Amino acid sequence: MDRSPTREVTTVSPPPPPVTVIGIGADGWDGLGPAAREALRTAEVVIGGRRHLGLLPPECHGERVPWPSPLRPAVPGLFAAHTGRRVCVLASGDPMFFGIGRTLAELLGAERLRVLPHPSSVSLACARLGWALEETEVISLVGRPPATLNRELYAGRRLLVLSAGAETPAQVAALLGDRGFGPSRMRVLERLGSGRERCVEGTAEKWPHPPGDPLNVIAVDCAPADGARPLSLAPGLPDAAYDHDGQLTKRHVRAATLAALAPAPGELLWDVGGGSGSIAVEWMRAHRTCRAVSVERDPVRAERIGRNAAALGVPGLTVVTGAAPDALAGLPAPDAVFIGGGLTAPGVLEACWAALRPGGRIVANTVTLESEALLADRYRRHGGDLVRLAVSHATPVGGFTGWRQAMPVTQWSATKPPDSRGAGGHAADPAGSVEAAQGETR
């Protein structure tokens, strides 16, 4: 009698076929390479914007599925519904450059994707203009307000603006004029790579052209008008750059505060007690991927923070109207925290320290003895630096000049130990999601 143990046979399911993401240009099917054409011919499902799907010839027999709206929440369910089928996704140009490829990599996993890019509109524009791509600043206004450009305007700079539609060139021209860059040369390149490619040009202050094709890229040679003084990207902008009611971290203290906060690309700041929003604004101006939430209990000041952010080129600043610590609940964990007001409110310091990521920085400023005592206690408990900042300005004294000292500011700054336990993981970039939904589905 055979007494050998029974062996259990495990069936391993084959991995699902990859999702092939194909970049397509305005030249449509004719501009695709052999690999892209073969993938589309054999696909069982092709997902894309209605315009992209309309570029396919009859020989592509797969089911054509337009993107739903809103896009990002629907992606997992959409692909789950087609599990096991050969799926292609159509996207404009290079899917990994301001495109749907990023969203799919985040939601499905990069290992599930096979990406076949097409030259992006930016590459085609630089080829037409004779501009070096690595020296050209690219700004997308797809899903973003035109005020995003305000941070980028400097003499001699070359900008390529990814347009949101036919109305964008006139909006860009108006913004350039309002910001003192009316003499800037503008060229609008339409339907790049197609047989209907066209370029129109003029200056921003005398932009003569009516809305044209919605598929366009705007090239700007930045030229300021006489007397225009662009603002530096370095921290410590002039106080006059902000609309404020006196609740403003003054210029020299602001520069020292930003140095202690040490913004880095992709990081998130909580600006607690935002006032005029100057710390959050200059944090975001440090790098285009820096993010910030400004928490301000006064609705008038909260609205003012939004206006300051737009005027200084960071309209993506999130403003929360409410008093800390309650208003902090539910916010994504910060990489840095600045407390500029409300230090004596029960629980504010504790909540900010608890929410801070391990390795994150906290900075708190005060001019009162009561708050200074709180910061001294935190310094004893957590270490860091406790400094007093004193600034004096030369002012007239009769027929002479003397020093007038501003109120000294006590500043505590510290880094949370890396081994501290706390919330982790970066929040997804909402702008990227909007872009994929609005830009790549057109």
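Computed from a predicted model, the values in this text were never measured in an experiment.
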Considering only distance and modelled atom types, tabulate donor-acceptor pairs under 3.5 Å from the side chains of residues 304-321, sequence neighbours left out.
| unit_1 | atom_1 | unit_2 | atom_2 | d |
| --- | --- | --- | --- | --- |
| Arg307 | NH2 | Asp243 | OD2 | 3.0 |
| Asn308 | OD1 | Asp243 | N | 3.0 |
| Asn308 | ND2 | Asp243 | O | 3.0 |
| Asn308 | ND2 | Ser276 | O | 3.0 |

Taking the side chain as C-beta and beyond, is there a heavy-atom pair between [X] and [Y] under 4.5 Å?
X	Y	answer
Thr136	Leu129	no
Arg128	Glu197	yes
Val391	Lys250	no
Thr366	Ile339	no
Cys60	Trp29	yes
Trp67	Ile47	yes
Val220	Leu149	no
Val281	Tyr242	yes

Reported [atom1]-to-[atom2] distance for the pair [X] and [Y], which is rounded to 0.5 angstrom:
X	Y	atom1	atom2	answer
Leu159	Trp131	CG	CH2	7.0 Å
Leu160	Leu189	CG	CG	8.0 Å
Leu176	Cys222	CG	SG	6.5 Å
Leu90	Leu116	CG	CG	11.0 Å
Arg254	Leu237	CZ	CG	6.0 Å
Ile100	Arg102	CD1	CZ	11.0 Å

Run the salt-bridge test on Asp335 and Arg357 with the 4.0 Å N-O cut-off and return the result as yes or no. yes
If the threshold is 4.0 Å, N to carboxylate O, is there a salt bridge linking Arg157 and Glu152? yes
If you measure only the distance, is there a donor-acceptor pair under 3.5 Å linking the side chains of Asn365 and Thr257? yes
Distance alone, cut at 3.5 Å: any donor-acceptor contact between the side chains of Ser92 and Arg51? yes
Closest approach of [X] and [Y], non-hydrogen atoms and distance?
X	Y	answer
Ala345	Ala324	CB-O, 4.3 Å
Leu107	Pro76	CD1-CD, 4.4 Å
Pro146	Leu175	O-CD1, 3.2 Å
Ser140	Arg144	O-CD, 3.3 Å
Pro73	Pro70	CD-O, 3.9 Å
Gly212	Glu190	CA-OE2, 3.5 Å

Is the backbone N or O of [Y] less than 3.5 Å from a side-chain atom of [X], with the two atoms forming a donor-acceptor pair by type?
X	Y	value
Trp283	Leu258	no
Glu59	Arg41	no
Tyr154	Leu231	yes

Just one of Arg187, His209, Arg185 clears the side-chain hydrogen bond (donor to acceptor under 3.5 Å, both in side chains) bar with Glu201, so which one? Arg185
